[in-house]
Structures are given as C-alpha cells and as structure tokens.
Peer 1: 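Right, I'll just put the structure down here and ask away after.
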Amino acid sequence: MIGAESVLSQLGTIVSNTLLGFANVAFTGSLIVMFLLAGIVVFYSKRRPKDAYLTWGEAAASSVFCTFGLFWAFGVVPHQWLTYSGSELAMRSDAILAGPGSTGLMEFSPIVISKQTLADLIAVGIYGLAFTLTVVLWAVWQNRGQKKTDEVEKSNYGRPLVKA
C-alpha cells in the first residue's frame with residue numbers, strides 16, 4: 001500500500017502545483033489582460049454597426065489592437081507559464097514524474113515522463129485556449145449586427161401560420 005500512498009501524494013502535488021500557477025502575479029495578470037482584451041472585442045462588436053465605414057485611423061488602431069492581442073495571447077501568457085513552471089514550481093526535465101526513476105507514479109512504465117513534460121502540455125493547452133478564443137472572437141465580430149429572424153405566429157397546434 002506504500003505505492004498507492006506515494007501515487008496519491010504525487011497526484012496531489014501535481015494538482016496543487018498546477019493550481020499554484022494561478023498564484024503567480026505575472027501569469028495570472030497576463031491571463032487577466034488576455035481576457036480583458038477579448039472582452040473589449042465583444043463589447044465593441046455590440047456597439048459598432050456592421051455597415052459602418054471604417055476610417056484609416058480606425059483601421060490602423062484596430063490592426064494594432066489585434067496584433068497586440070495575438071502577441072499577448074500567443075506570446076506573453078505561455079511565456080509566463082513556462083517561466084513560472086520552470087523556476088518556482090521546479091517542473092524541470094530532471095524531475096521524473098512517471099517511469100523508471102520516479103518515486104511511485106507508474107514506476108513500472110518504460111516511458112519516462114518528466115514534470116517539464118506536464119508543464120509543456122499545460123502550455124499547449126494555453127495555446128489551444130488562445131486559438132479557440134481567437135476563432136470565437138472573429139466569429140463574434142463577423143456576426144455583429146445580425147438580427148435573428150422574427151418569430152412567426154403559430155397555430156394552436158404549434159405550426160407556423162403563413163399567409164398565401
């Protein structure tokens with residue numbers, strides 16, 4: 001039963017270290033800025049009509065804003081996570097998580113998985129979140145100003161009433 005206790009303690013350490021990632025001011029602050037930038041896009045898409053003309057200055061400002069948002073989401077946020085995980089959380093390649101040389105979590109496995117692998121997988125998840133957020137924001141922007149179809153009067157049986 002000693003192996004089960006060490007597995008549970010290692011899993012607890014993994015989860016607590018991952019949750020401690022949000023305790024870092026730089027990483028958490030960069031996530032907050034990323035979501036604030038996304039919120040600005042959603043807020044502005046509700047105010048700007050779809051058929052409004054775009055001036056040169058508005059186009060320049062929006063291109064700078066988009067470039068900054070993409071730089072922030074795909075550059076700063078993953079960098080802050082990888083810096084924090086490599087330094088304060090000690091998720092390095094010499095810290096074996098599973099496989100030969102580990103301290104109980106799947107030590108029978110011939111595949112060596114280090115804590116840096118887990119940190120890199122979390123970084124890939126951050127990239128996936130940023131990519132999904134980018135696609136969603138472009139869809140919100142492209143679909144701004146579209147009205148839903150008017151509700152058609154229905155009969156007592158639930159069928160739409162259409163005039164011929």
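Nothing here was measured: the structure is a model prediction, and the numbers come from that model. When reading the values below, keep in mind they use all heavy atoms of this one structure, side chains included, and skip hydrogens, waters and symmetry mates.
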Peer 1: To the nearest 0.5 Å, tell me how far Q116 CD sits from L82 CG.
Peer 2: 8.5 Å
Peer 1: Can I get a per-line list of side-chain donor-acceptor pairs under 3.5 Å for residues 119-136, giving both atom names and the distance, sequence neighbours left out?
Peer 2:
unit_1, atom_1, unit_2, atom_2, d
T132, OG1, G128, O, 2.8
T134, OG1, A130, O, 2.7

Peer 1: Check for a donor-acceptor pair, side chain of Q142 on one end and backbone N or O of A139 on the other, with a separation under 3.5 Å.
Peer 2: no
Peer 1: With a cut-off of 3.5 Å and sequence neighbours excluded, list every side-chain donor-acceptor pair involving residues 36-49.
Peer 2:
unit_1, atom_1, unit_2, atom_2, d
S45, OG, V41, O, 3.4
S45, OG, V42, O, 2.8
R48, NH2, Y53, O, 3.0

Peer 1: Hey, are the side chains of L31 and F35 touching, using non-hydrogen atoms and a 4.5 Å cut-off?
Peer 2: yes
Peer 1: Return a table of donor-acceptor pairs under 3.5 angstrom between the side chains of residues 63-76 and protein atoms on other chains or two or more places apart.
Peer 2:
unit_1, atom_1, unit_2, atom_2, d
S63, OG, A59, O, 3.3
S63, OG, A60, O, 2.8
T67, OG1, S63, O, 2.8
W72, NE1, S30, O, 2.8

Peer 1: To the closest 0.5 Å, what do you measure between CZ (F27) and CH2 (W81)?
Peer 2: 6.0 Å
Peer 1: Quick check: is V77 connected to V33 through a chain of hydrophobic side chains (ILVMFWY, heavy atoms under 4.5 Å apart)?
Peer 2: yes
